Amino acid sequence: MRIAGAVVAAGAVAVGVRIAHSRTRRFLHPDGRSFTGELEVWGLGSPTGAALLDRPGRHPVTLRISKGAGTPPGYPDVLGVALRVHGPVAGRRCDLLFSTAGRGRRLRHVPTLRRSFDTMYGTIVAYRTGTGRKLYLSVQPDLDGAALGRTLESVVAAAAGDGAQLLLGAADGDGAVRLFGRVRFGQQLAARTDAGLAFDPVRNAPRDLHPTGFIHASRAVAYRLGQKWRGARPADRNPAAVARTGAHR
């Protein structure tokens, strides 16, 4: 009982420390590096109902690579990729958030610990396109690019070598991933710029490519509260987008 109590107490202290630190940094994915970049889209071959996926082209992006809990360099963590696509085809901007997850129909819903940034990332929950089609989006390493390695500094080194890139894919209900684009890393952004980034995949989403379901709808409140708490500027209010996500359509 004493051991259990000590574990609970230690956990409470850890959470308290994290909350206190979240006044100046992110509560989740606190450790990360951000970059400029470019997204090249070639499409899936058949229309999905989402302009971003269907129209071949190149779009400027902001890219962030991060560790979910902020474990020491090289230690397992739920790793993350945040992608902000700029421009009219994305409805001004489109924020896509990916976490390390398993493969296949069931495991793709499960956040998974990974050591290396050269792994599979997924949106965990589904997206709906303008035609009502349900897709699961993913990011994976490009074997033709430089290895990202196991630490944030190795990611920075790969980007500085002008060879870091990731592949974007989409899967239907059967779980088979088809690639539709490639992200190339650009210049690393300053730490101050990284700290001010506030991604919101619910409010910063075009009508023809938006997340669905209760999990994302409930997180919509947490995004704004957490970003205001640490002094970042949150996304513009968009109650229609929040309602659309919660309605699962």
Side-chain angles (χ1 to χ4, degrees), residues 37-65 78-91 93-112 114 116-148 158 163-185 199 201-202 204-213 215-216 244-245 248-249:
E38 181 185 67
L39 168 62
E40 175 190 4
V41 175
W42 54 75
L44 291 170
S46 60
T48 66
L52 181 61
L53 277 59
D54 293 341
R55 299 179 186 174
R58 298 176 184 270
H59 315 287
V61 300
T62 300
L63 176 67
R64 187 172 193 265
I65 308 297
V78 176
L79 309 178
V81 172
L83 183 66
R84 172 168 290 170
V85 185
H86 305 276
V89 74
R93 67 172 48 165
C94 175
D95 289 351
L96 301 172
L97 302 186
F98 305 87
S99 299
T100 45
R103 297 174 181 265
R105 296 181 61 183
R106 290 186 175 85
L107 294 181
R108 68 187 174 192
H109 302 292
V110 183
T112 306
R114 292 283 186 263
S116 173
F117 288 97
D118 298 292
T119 187
M120 176 71 75
Y121 304 78
T123 52
I124 307 298
V125 297
Y127 273 66
R128 290 283 183 183
T129 70
T131 59
R133 185 174 176 181
K134 187 165 77 170
L135 295 174
Y136 293 87
L137 306 182
S138 63
V139 172
Q140 64 188 68
D142 187 342
L143 298 181
D144 292 332
L148 300 181
Q165 50 196 40
L166 295 167
L167 296 173
L168 269 67
D172 287 303
D174 60 4
V177 176
R178 292 187 295 155
L179 300 177
F180 66 85
R182 176 186 289 109
V183 173
R184 293 183 175 87
F185 288 61
F199 294 93
V202 175
N204 289 336
R207 293 185 60 86
D208 64 357
L209 186 65
H210 61 86
T212 66
I215 293 177
H216 260 304
R244 180 176 63 217
T245 294
H248 201 69
R249 64 172 183 267

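Quick caveat, the model's predicted, so the values are computed rather than measured.
Here the closest non-hydrogen pair linking P206 and R244 is O-NH2, 4.1 Å. Of all heavy-atom pairs between R114 and A101, the closest is NH2-O, 4.0 Å. Minimum heavy-atom separation, S99 to V78: CB-CG1, 4.0 Å. Across all their heavy atoms, A146 and A158 have their closest contact at CB-CB, 4.1 Å.
Remark: R84 is positioned above the aromatic ring of F199, its terminal NZ or CZ atom under 6.0 angstrom from the ring centre and at most 45 degrees off the axis.
Atoms NE2 and CG, on H86 and L39 in that order, are 11.0 Å from each other to the nearest 0.5 Å. Distance check, rounded to the nearest 0.5 Å: CG of L179 to OG of S138 gives 7.0 Å. To the nearest 0.5 Å, atom CZ of residue R58 and atom CD of residue E40 are 4.0 Å apart. Between atom CG of residue L168 and atom CG of residue L137 there is a gap of 7.5 Å, rounded to the nearest 0.5 Å. Once rounded to the nearest 0.5 Å, the distance linking OG1 of T100 with CG of L79 reads 4.5 Å. Atoms OH and OG1, from Y136 and T123 in turn, are 8.0 Å apart once rounded to the nearest 0.5 Å.
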Would you give me the side-chain donor-acceptor pairs under 3.5 Å for residues 47-56, sequence neighbours excluded?
unit_1	atom_1	unit_2	atom_2	d
T48	OG1	A50	N	3.2
T48	OG1	D54	OD1	2.9
T48	OG1	D54	OD2	3.4
D54	OD1	T48	N	2.9
D54	OD2	T48	N	3.1
D54	OD2	G49	N	2.9
D54	OD2	A50	N	3.3

Inset, instruction - Report the C-alpha distance between V41 and H59 in whole Å, list the side-chain angles of each, state the deciding distance to 0.1 Å, and finish with yes or no for side-chain contact (heavy atoms from CB on, under 4.5 Å). - result: CA-CA 8 Å; V41 175; H59 315 287; 4.1 Å; yes
Legend entry - Test log, rule side-chain contact (heavy atoms from CB on, under 4.5 Å), inputs L148 and L166: CA-CA 10 Å; L148 300 181; L166 295 167; 4.0 Å; yes
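In this structure a side-chain-to-backbone donor-acceptor pair under 3.5 Å is present from Y121 to F117. D142 places no side-chain N or O within donor-acceptor distance of the main-chain N or O of L167, the cut-off being under 3.5 Å. Under the 3.5 Å distance criterion, the side-chain polar atoms of T212 are left unmatched by any main-chain donor or acceptor of Y127. With hydrogens and angles ignored, the 3.5 Å screen pairs no side-chain donor or acceptor of W42 with any backbone N or O of G57.
Side-chain contact check for V183 versus L63: some heavy-atom pair is nearer than 4.5 Å. Residues R207 and R128 fail the side-chain proximity criterion, which asks for heavy atoms closer than 4.5 Å.
Not counting sequence neighbours, the partners of R178 by the side-chain contact (heavy atoms from CB on, under 4.5 Å) test are L44, S46, R133, D172.
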